[in-house]
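Below: one structure, written as structure tokens.
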Amino acid sequence: MTARIRPDLATIPAYVPGRNHPDAVKLASNETTFGPLPSAAKAIAEAAELANRYPDNQVSELRAALAEFLGVTVAEVAVGCGSVALCQELVQITCDAPTDEVVFAWRSFEAYPIVTQVGNATAVRVPLTEGHLHDLDAMAGAVTDRTKLIFVCNPNNPSGTAHGRAELERFLDRVPAHVLVVLDEAYYEYLRLTPETRPDGVEIGRTRPNVVVLRTFSKAYGLAGLRVGYAVGHPEVITALLKVHIPFSVNRVAQAAAIASLQAHGELLDRTDVLVAQRHQLRAALLAAGYEVPPSEANFVWLPLRERSIEFAEASALAGVLVRPFAGDGVRVTVGDPHENEQFLSFATAPETAARFR
Ligand SMILES: Cc1ncc(COP(=O)(O)O)c(C=O)c1O
């Protein structure tokens, strides 16, 4: 290496690809197991024929479709190369000094500390509660005059837990209006809280200009491989996001597939009911085997196995099921097809496994 690279990047671990065995069941990445709908597959094929042309950098058609779907204006919608790109762009538009602070719960989405460091800002991690929920009081208490951005992951990845609308509103009441709060709702479509308690960031944001909501086509819409996510917020926030957006990073195929999938949202959202039923069964079986499993509102369940997490994931891989361990904290298991969940359960609930790990 001869060129000088920012020395602080040395503390960010180099990317390690997830394990992949062709024959293993993969319950490690919170993907959906269904392929794209026929209408999306057709849109993908048609868009691919125009691959020699740049995509629409303004993502106009998809933004208009999202605005109509959500009941907001186009000026309130930005689209990114996955919502993870928008996480990074949100740090870029709020932080401009190493002393600037980004507050988030921990453990939460693993990209938050990375995008904070890449943005040359300071991460402030607030531990989850004993019940594996965001500690919203402690997060509000962690706000200082250096705080520029707060990520609230609801439902939380990887613990699966979610706060209801009233708790979120109470928290937001305590955050100064000049601090931008990101409600990251990547798993929004899997929430099954009652209509009165169900948190909907887009609704909450209507009266709070310092709230921006992130959602994605990667999970319930099944387009993880194409990379499309979106932000909904105040036009000034959205305008700033468009300024830092990497030009043309939401490609033509992704835009076409997202529009087709949004048109078929009824069919896609029906699939989430099937997944939620499986989630209940998976959790019930794990609880019955003696594991601690917090209630999940997402497409995965969380096993807080602490120092035994890596060992559990390795044993699961030997049994042909890849799950996602977070060293020292727990193991996240994506809800898959019934036969995949069964294969995982036959490993996890086997008397010798349960005796070793629960
Ligand atoms: C909480 C959360 N936010 C954002 C993302 C990013 O999703 P994508 O970049 O695929 O839209 C994920 C993906 O796992 C996530 O768990």
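Just so you know, these numbers come straight off a predicted model, no measurement behind them. When a ligand or atom number is given, it counts from 1 through the structure's own listing order.
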Would a line drawn from the ring center of Tyr230 to the ring center of Phe217 be shorter than 6.0 Å?
yes
Would you kindly specify which portion of Asn157 sits under 4.0 Å from ligand 1, judged on non-hydrogen atoms: side chain, backbone, both or neither?
side chain
With a heavy-atom distance limit of 4.0 Å, tell me whether Tyr187 approaches ligand 1 through its side chain, its backbone, both, or neither.
side chain
Any idea which atoms of ligand 1 are less than 4.0 Å away from a heavy-atom of Gly82?
8 (P), 9 (O), 11 (O)
So Phe357 and Phe312, would you call those rings parallel, tilted or perpendicular, with 30° and 60° as cut-offs?
perpendicular
Quick check: does Val84 get an N/O under 3.5 Å from an N/O on ligand 1?
yes
Within the structure, is a non-hydrogen atom of Ala224 found at a distance of less than 4.0 Å from ligand 1?
no
I need the atoms of ligand 1 closer than 4.0 Å to a non-hydrogen atom of Cys153, numbered in the order shown.
1 (C)
Pairing of Asp56 and Arg252 as salt bridge, 4.0 angstrom limit:
no
Find all atoms of ligand 1 within a distance of less than 4.0 Å from any non-hydrogen atom belonging to Ser218, and give their numbers and elements.
8 (P), 10 (O), 11 (O)
Can Glu169 and Arg165 be counted as an ion pair, charged N to O under 4.0 angstrom?
yes
Distance under 6.0 Å and angle within 45° of the ring axis: does Arg198 meet both against Tyr188?
yes
Specify the protein heavy atom at minimum distance from atom 9 (O) of ligand 1: its residue, its atom name, and the distance to 0.1 Å.
Arg227 NH2, 2.7 Å
When distances are taken from atom 3 (N) of ligand 1, the protein heavy atom at minimum range is Asp184 OD2, 2.7 Å
With a 4.5 Å limit on heavy-atom distance, are the side chains of Arg174 and Asp137 in contact?
yes
Apply the side chain to side chain contact (heavy atoms under 4.5 Å, CB included) test between Asp96 and each candidate in Ile93, Thr94, Asp100; give the one that qualifies.
Asp100
Which is closest to atom 8 (P) of ligand 1 by heavy-atom distance: Ala85, Ser83, Cys81?
Ser83
Just need the protein heavy atom nearest to atom 12 (C) of ligand 1, so name the residue and atom and give the distance.
Phe109 CZ, 3.4 Å
Would you check, one step at a time, whether the test salt bridge (Lys or Arg N to Asp or Glu O under 4.0 Å) holds for Arg308 with Glu311?
CA-CA 5 Å; Arg308 289 160 304 153; Glu311 202 185 327; over 6 Å; no
Atoms in ligand 1 with a heavy atom of Lys219 nearer than 4.0 Å
13 (C), 14 (O)
